[in-house]
Structures are given as C-alpha cells and as structure tokens.
Novice: 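Here it is, the structure in full.
Start at 1 with the first residue, then count along the sequence. Below, all heavy atoms of this structure are taken into account, side chains as well, without hydrogens, waters or symmetry copies.
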Amino acid sequence: MSDTNQYLRLEVAGHSYLLPSVQRYTIEQRDNLTENLDHASGVAAWRIVRNDRWPAYALDGALRLARATPQWQRAVFLEGSPHMVGLIVDDVQLLPRGAVTATPFTPLGPSPTGEGHLFVNAWVNAGRVTLVFSPPALLGYLRSLGG
C-alpha cells in the first residue's frame with residue numbers, strides 16, 4: 001500500500017493508533033503465529049517464514065514492552081531489512097480512504113529512536129485525539145526491543 005490518505009487503525013493495550021498506508025505491512029492472524037513461551041526474551045510471538053522467523057512484540061498502554069494480553073488477535077508486521085518486525089494488536093481495521101485528516105505536530109523532548117519521534121501526526125475527530133505512528137520510527141523502535 002502507498003496511499004497517504006488511507007490508514008490502518010491499530011488497537012494496542014486499549015489505545016487506538018493509526019499507521020499510514022505509506023508503510024508496507026503484513027497482517028497475520030494469531031493462528032498463523034507461534035507464541036513464544038520464553039517470556040524473558042521479550043518476543044511475544046514469531047512468524048515462521050521459510051528459514052527465518054519474524055519477531056512480534058507486545059506493548060502496554062505506554063508503549064513499553066509487555067506480555068501479550070489474552071485477547072490479542074493479530075500482529076501487524078512492518079517491512080524492513082533484514083526481516084519484518086511485528087506489533088501484537090488486539091484489533092486492526094483498515095479505515096476508508098479519505099476518512100482521516102491527520103495534522104502534523106512537533107513532539108516535545110528528545111526522540112526515542114534514531115529515526116525520530118514515534119508520532120508526528122494526530123487525527124482529531126469528535127474531540128478525540130488519535131496519534132499517527134511515524135512508520136520509520138515505529139520500525140526502529142520495535143527493532144530496538146531486540147529478539
């Protein structure tokens with residue numbers, strides 16, 4: 001996907017976020033993933049692909065590494081090199097094209113990744129603010145979690 005007017009809504013630990021469709025991604029059902037029973041590693045699940053495996057991380061409401069909640073349904077894997085990296089989500093929905101008008105903003109403080117701040121846009125709808133992930137920063141952040 002490469003449409004800046006279309007967004008993927010991600011439900012993570014009770015919070016909604018948006019991911020612009022400029023980022024290439026793959027959505028996998030929980031049934032297609034191998035849950036990691038070694039909770040010390042930080043990886044919640046793996047997507048086994050040929051001779052490789054892609055890590056998927058679970059985050060809490062503050063976007064810190066956490067154990068996956070029992071209700072998680074899918075993982076969204078972001079394209080990157082040398083392999084894709086995933087985020088465990090409770091729900092995911094592709095919003096209709098043009099339904100979101102994101103507004104850029106400059107976050108305060110230092111960026112948590114070498115690729116910049118996790119959020120650089122927001123969508124305000126009916127008085128509710130939904131933050132929009134910066135795809136390169138989210139990918140960098142997930143990679144920094146290790147695994």
Side-chain angles (χ1 to χ4, degrees), residues 1-50 52-81 83-105 107 111-113 115-147:
M1 305 200 131
S2 61
D3 186 350
T4 58
N5 292 322
Q6 194 162 27
Y7 292 84
L8 193 65
R9 186 185 63 76
L10 309 173
E11 186 75 27
V12 178
H15 300 276
S16 288
Y17 301 99
L18 298 177
L19 180 67
S21 291
V22 295
Q23 175 67 40
R24 293 182 57 91
Y25 54 80
T26 299
I27 301 170
E28 289 293 340
Q29 297 266 4
R30 183 178 187 164
D31 295 345
N32 295 335
L33 302 173
T34 302
E35 291 189 52
N36 188 7
L37 301 178
D38 178 12
H39 299 293
S41 77
V43 175
W46 298 96
R47 170 76 162 95
I48 308 300
V49 181
R50 294 181 207 103
D52 198 8
R53 60 185 188 168
W54 304 340
Y57 298 96
L59 302 178
D60 65 13
L63 299 179
R64 294 178 302 231
L65 198 57
R67 294 180 99 179
T69 60
Q71 68 268 19
W72 74 276
Q73 296 298 312
R74 294 176 177 77
V76 176
F77 289 89
L78 305 175
E79 186 176 274
S81 179
H83 53 75
M84 297 179 97
V85 178
L87 174 63
I88 299 293
V89 296
D90 297 331
D91 193 20
V92 63
Q93 174 188 16
L94 184 61
L95 298 177
R97 195 174 315 280
V100 172
T101 302
T103 303
F105 70 93
S111 64
T113 74
E115 291 79 14
H117 287 280
L118 285 174
F119 308 105
V120 293
N121 292 307
W123 176 42
V124 180
N125 184 32
R128 185 174 180 169
V129 176
T130 305
L131 296 173
V132 180
F133 280 117
S134 163
L138 177 60
L139 183 60
Y141 180 68
L142 292 173
R143 286 199 185 286
S144 76
L145 298 175

Novice: Report the residues that fulfil side chain to side chain contact (heavy atoms under 4.5 Å, CB included) with Val124, sequence neighbours left out, ordered by chain and then residue number.
Specialist: Val129
Novice: Mind checking whether His83 and Pro55 have side chains closer than 4.5 Å, heavy atoms only?
Specialist: yes
Novice: Is the closest side-chain heavy-atom distance between Trp54 and Leu78 below 4.5 Å?
Specialist: no
Novice: Apply side chain to side chain contact (heavy atoms under 4.5 Å, CB included) to Ile48 and list each qualifying residue two or more places apart in sequence or on a separate chain.
Specialist: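 Ile48: side chain to side chain contact (heavy atoms under 4.5 Å, CB included) contacts with Thr34, Trp46, Arg53.
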Novice: Any non-hydrogen side-chain atom of Leu95 less than 4.5 Å from a side-chain atom of Leu8?
Specialist: no
Novice: Is there a side-chain contact between Leu131 and Trp123 in this structure, where contact means two heavy atoms from C-beta onward sitting under 4.5 Å apart?
Specialist: no
Novice: The criterion is side chain to side chain donor-acceptor pair (under 3.5 Å); which residues satisfy it with Ser144, sequence neighbours excluded?
Specialist: none
Novice: For the residue pair Arg30 / Gln73, report whether a side-chain donor-acceptor contact shorter than 3.5 Å exists.
Specialist: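 No, no side-chain donor-acceptor contact under 3.5 Å.
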Novice: Going by salt bridge (charged side-chain N to carboxylate O under 4.0 Å, His left out), name the residues that satisfy it together with Arg50, two or more places apart in sequence or in a different chain.
Specialist: none
Novice: Restricting to ring pair (Phe, Tyr, Trp, His ring centres under 6.0 Å), what partner residues turn up for Tyr141, sequence neighbours left out?
Specialist: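 Result, ring pair (Phe, Tyr, Trp, His ring centres under 6.0 Å) vs Tyr141: none returned.
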Novice: Are Leu18 and Phe133 packed together at the side-chain level, in the sense that at least one heavy-atom pair is separated by less than 4.5 angstrom?
Specialist: no
Novice: Show every salt bridge (charged side-chain N to carboxylate O under 4.0 Å, His left out) that has at least one partner inside residues 6-22, sequence neighbours left out.
Specialist: Arg9-Glu11, Arg9-Asp91
Novice: Enumerate the side chain to side chain donor-acceptor pair (under 3.5 Å) contacts for residues 125-140, please, sequence neighbours excluded, ordered by first and then second residue.
Specialist: none
Novice: Using 0.5 Å steps for rounding, measure from the CG atom of Asp60 to the NE2 atom of His15.
Specialist: 8.0 Å
Novice: From the options Leu65, Thr113, Val85, select the one residue that forms a side chain to side chain contact (heavy atoms under 4.5 Å, CB included) with Leu142.
Specialist: Val85
Novice: To the nearest 0.5 Å, what is the distance between OH (Tyr7) and CZ (Arg97)?
Specialist: 12.0 Å
Novice: What residues form a salt bridge (charged side-chain N to carboxylate O under 4.0 Å, His left out) with Glu115, not counting sequence neighbours?
Specialist: none
Novice: Going by side chain to side chain contact (heavy atoms under 4.5 Å, CB included), name the residues that satisfy it together with Ala68, two or more places apart in sequence or in a different chain.
Specialist: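 Side chain to side chain contact (heavy atoms under 4.5 Å, CB included) list for Ala68, sorted by chain: Ala44, Ala58, Trp72, Ile88.
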Novice: Under a 4.5 Å cut-off applied to non-hydrogen side-chain atoms, are Phe77 and Arg47 in contact?
Specialist: yes
Novice: Give me the atom names and distance for the closest heavy-atom approach of Gly80 to Arg143.
Specialist: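 For Gly80 versus Arg143, the nearest heavy atoms are C-NH2, 3.2 Å.
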Novice: State the CG-CG distance between Leu138 and Leu63, to the nearest 0.5 angstrom.
Specialist: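 Going from the CG atom of Leu138 to the CG atom of Leu63 covers 8.5 Å.
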Novice: Taking all non-hydrogen atoms of both residues, which atom of Ala75 and which atom of Ala56 are closest, and how far apart?
Specialist: CB-CB, 4.2 Å
Novice: Before we go on, tell me: are the rings of Tyr17 and Phe119 under 6.0 Å apart, centre to centre?
Specialist: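 Distance test on ring centres: under 6.0 Å, yes.
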Novice: Heavy atoms only: give me the nearest Ala13-Asp90 pair and the separation to one decimal.
Specialist: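 Residues Ala13 and Asp90, closest heavy atoms: N-OD2, 3.5 Å.
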Novice: Would you please name every residue forming a salt bridge (charged side-chain N to carboxylate O under 4.0 Å, His left out) with Arg67, sequence neighbours left out?
Specialist: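 If we apply the salt bridge (charged side-chain N to carboxylate O under 4.0 Å, His left out) test to Arg67, skipping adjacent residues, there are no hits.
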Novice: Quick one: does any side-chain atom of Gln93 pair with a main-chain N or O of Leu10 as donor and acceptor, under 3.5 Å?
Specialist: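 The answer is no, because no donor-acceptor pair under 3.5 Å joins these two groups.
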Novice: Give, for atom CG of Leu145 and atom CG of Leu59, the distance between the pair rounded to the nearest 0.5 Å.
Specialist: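 It comes to 6.5 Å.
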Novice: Please enumerate all residues that pass salt bridge (charged side-chain N to carboxylate O under 4.0 Å, His left out) together with Arg74, with sequence neighbours excluded.
Specialist: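 By the salt bridge (charged side-chain N to carboxylate O under 4.0 Å, His left out) rule, Arg74 matches no residue at all.
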Novice: Go through the structure and list residues passing side chain to side chain contact (heavy atoms under 4.5 Å, CB included) with Asn121, not counting sequence neighbours.
Specialist: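 Here the qualifying residues are Ala102, Pro104, Val132.
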